[in-house]
Structure formats: structure tokens, C-alpha cells
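The next block holds one structure in the form of C-alpha cells; read it before the comments.
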Amino acid sequence: NKAFKFRVYPTPEQEKVLSQQFGASRFVYNYFLRQRIDYYAAHRGTKKQGLNYYDTAKMLTELKRQPEYEWMNESNSQALQVALRNLDTGYRNFFENRAEFPKFKSKRSKQSFQVPQHFRLDMKAGRLSIPKLAPLKIVLHRPIEGEMKSVTVSRSPSGRYFASILCEVEIKPQPKRTGKEIGIDLGLKSFVVTSEGE
């Protein structure tokens, strides 16, 4: 997988829609992080002491049916599912000692949401189309390689917008230049010492 990051320039109206999507994705992540923490505290030591992605996905569907959370139906449902998957990945990384425990997301930090499908990039017109949003102006400063798999739209704390397009790229192995082998030692006194004494 290889990501290609580009600047996007939303209109003021599009900024409002993006802000709503950022907020919905952040809310879902934080809401279900709290649900998972509380569930573990209440069920610790039992047969089922934690929630998984499928539990939270079912809970999200039920949550969106409640009148006070109907506003979430205006957001891209795929992006909300991705927020749940990201939370689940954070949990698995923590329990497998690859990362710290998931933290609550703040609206003052970088905002983002991911669209895993149903997006389209018009290379000639410089427009990125994602569900529930008019086509965004995107500056394509380099060609895209491979097959597009997903797009992540983000806003930096300084207010700049970006689209990161994840592509599946075929990597062709490089041919061997020579038949020689060499060993390399990285050290403190000498940065690199080769087995040939250089």
C-alpha cells in the first residue's frame, strides 16, 4: 500500500459539511471508547469482559435510531464504521504491546475521516467526489500509481485540508546488480563499516 497526499480546497459550504463529518467520526470514536472502558469495568473477570468491533457496530446502528442522535444519519455511514474499526485496531495494538492505550480524540488536534469506497477522482478536472459532499477541488501535483483503495480527508490544526489516497501498488523486485555480498555494521564511532574494511 502506498499513500498519495494532496491539498484540497473546499468551499465555505463544503467546510461546514466536512466539519460535521469530522465531528461525527470523532464522536463515534470517543463515544465507543467510553463504552468499551465502562463495559470492561462492569464485566471484568466474566466470560465476556470486553466489547469488540461487531458489538460496537450493532450498538452504533441502534444509537442512530434514537431521536437525539439522528444527526449522525447526515454523515457518511462508511466513515463512522471506519472510526469503529480504528478504535478496535487501537485496542488490539495495545493488548499486543504495539501501542499505548487508545486516547480520546480532541477537536483541537488534527481531524480526519476515511472513506473506504464509493469515492471517485477526476484527474482532468481536479475534483474528488465522496458521498454526501459536492466534488472537492484537489491539486494533483504528481501522478497516482496503482489501484485506489480508500481516501482519508483531513484538516490540520492550522486549517489546511488534505486528501490522502491509499493505493495498492505492485512492487517489482529489482534485479541483482552483481554476485558480490557485503556485510554492513552500524556503529557509534563509525557510522558504517563494511566487511571489506571501508
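Starting from 1, each residue takes its place in the sequence as its number. None of the values given here were measured: they were computed from a predicted structure. Atoms considered below: every heavy atom in the structure, side chains included; atoms not considered: hydrogens, waters and symmetry mates.
Taking the side chain as every heavy atom from C-beta outward, Leu18 and Arg155 never approach each other to under 4.5 Å. No side-chain heavy atom of Thr152 sits less than 4.5 Å from a side-chain heavy atom of Leu166. The shortest side-chain heavy-atom distance between Phe119 and Ser129 does not fall under the 4.5 Å cut-off. Using a 4.5 Å cut-off on side-chain heavy atoms (C-beta onward), Cys167 and Asn1 make no contact. In this structure, Thr56 and Leu87 have side chains that are not in contact, with every pair of non-hydrogen atoms separated by 4.5 Å or more.
Hydrophobic cluster membership differs between Val139 and Phe4, with clusters built from Ile, Leu, Val, Met, Phe, Trp and Tyr side chains linked at under 4.5 angstrom. Cluster membership for Met72 and Phe32, using ILVMFWY side-chain heavy atoms within less than 4.5 angstrom, is shared. Following chains of ILVMFWY side-chain contacts shorter than 4.5 Å, one cannot reach Val169 starting from Ile144, and the two form parts of different hydrophobic clusters. Val17 and Val8 fall within a single hydrophobic cluster, where Ile, Leu, Val, Met, Phe, Trp and Tyr side chains are chained together by heavy-atom contacts under 4.5 Å. Placement of Leu80 and Leu51 within a single hydrophobic cluster is found when ILVMFWY residues are connected by side-chain heavy-atom separations under 4.5 Å, directly or transitively.
For Tyr69 and Phe27, the ring centers sit closer than 6.0 Å to each other. Outside the 6.0 Å centre-distance limit, the rings of Tyr161 and Tyr9 are not counted as a close aromatic pair.
A salt bridge links Lys2 to Glu145: at least one charged side-chain nitrogen sits closer than 4.0 Å to a carboxylate oxygen.
With Val153 as the partner, the side chain to side chain contact (heavy atoms under 4.5 Å, CB included) test is satisfied by one option alone out of Leu133, Val115, Ile130: Ile130. Checked options Lys132, Gln20, Gln21; the residue passing with Glu74 is Gln20 (criterion: side-chain hydrogen bond (donor to acceptor under 3.5 Å, both in side chains)).
Applying the salt bridge (charged side-chain N to carboxylate O under 4.0 Å, His left out) criterion to Lys149, with sequence neighbours excluded, gives Glu147. Shown here are the ring-ring contact (aromatic ring centres under 6.0 Å, His included) partners of Phe101, two or more places apart in sequence or in another chain: Tyr91, Phe94. Qualifying ring-ring contact (aromatic ring centres under 6.0 Å, His included) partners for Phe104, counting only residues two or more places apart in sequence or in other chains: none.
Residue pairs meeting the side chain to side chain donor-acceptor pair (under 3.5 Å) criterion with at least one member in residues 106-119, sequence neighbours excluded, are Arg26-Gln111, Gln114-Ser150. For residues 38-56, the salt bridge (Lys or Arg N to Asp or Glu O under 4.0 Å) pairs, not counting sequence neighbours, are Arg34-Asp38, Lys48-Asp55. Applying the side chain to side chain donor-acceptor pair (under 3.5 Å) test to pairs two or more places apart or on separate chains, those with a residue in residues 76-87 are Tyr53-Gln81.
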CA sep, side-chain torsions, deciding dist, call: Leu63, Tyr31, side chain to side chain contact (heavy atoms under 4.5 Å, CB included): CA-CA 11 Å; Leu63 190 70; Tyr31 180 90; 3.6 Å; yes
Intermediate values then yes/no, side chain to side chain contact (heavy atoms under 4.5 Å, CB included), Leu136 and Gln14: CA-CA 8 Å; Leu136 286 161; Gln14 288 173 325; 3.6 Å; yes
Ile138/Arg127 under side chain to side chain contact (heavy atoms under 4.5 Å, CB included): CA gap, chis, key distance, verdict: CA-CA 5 Å; Ile138 183 169; Arg127 290 287 184 271; 5.6 Å; no
Val192/Asp185 under side chain to side chain contact (heavy atoms under 4.5 Å, CB included): CA gap, chis, key distance, verdict: CA-CA 6 Å; Val192 172; Asp185 177 49; over 6 Å; no
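For the pair Arg7 (side chain) and Phe162 (backbone), a donor-acceptor distance under 3.5 Å is absent. Between the Glu15 side chain and the Thr11 main chain, no donor and acceptor come within less than 3.5 Å of each other. One N or O on the side chain of Asn73 and one on the backbone of Glu70 form a donor-acceptor pair closer than 3.5 Å. Asn30 contributes a side-chain N or O that, together with a main-chain N or O of Lys105, makes up a donor-acceptor pair within less than 3.5 Å.
Atoms CG and CD1, from Leu128 and Ile165 in turn, are 6.0 Å apart once rounded to the nearest 0.5 Å. One finds the CG atom of Asp88 at 12.0 Å from the CG atom of Leu33 (value rounded to the nearest 0.5 Å). Put simply, CG on Leu121 and CZ on Phe6 are 7.5 Å apart, with the number rounded to the nearest 0.5 Å.
The environment of CD in Glu62 is crowded: more than 12 heavy-atom neighbours from other residues, nucleotides or ligands sit within 6.0 Å. A 6.0 Å sphere centred on CD of Glu100 holds no more than 12 heavy atoms belonging to other residues, nucleotides or ligands. Within 6.0 Å of NZ on Lys137 lie no more than 12 heavy atoms contributed by other residues, nucleotides or ligands. Surrounding CD of Glu168 are at most 12 heavy atoms belonging to other residues, nucleotides or ligands under 6.0 Å away.
Nearest heavy atom pair, residue Tyr29 against residue Ala83, reads CD1-O, 3.6 Å.
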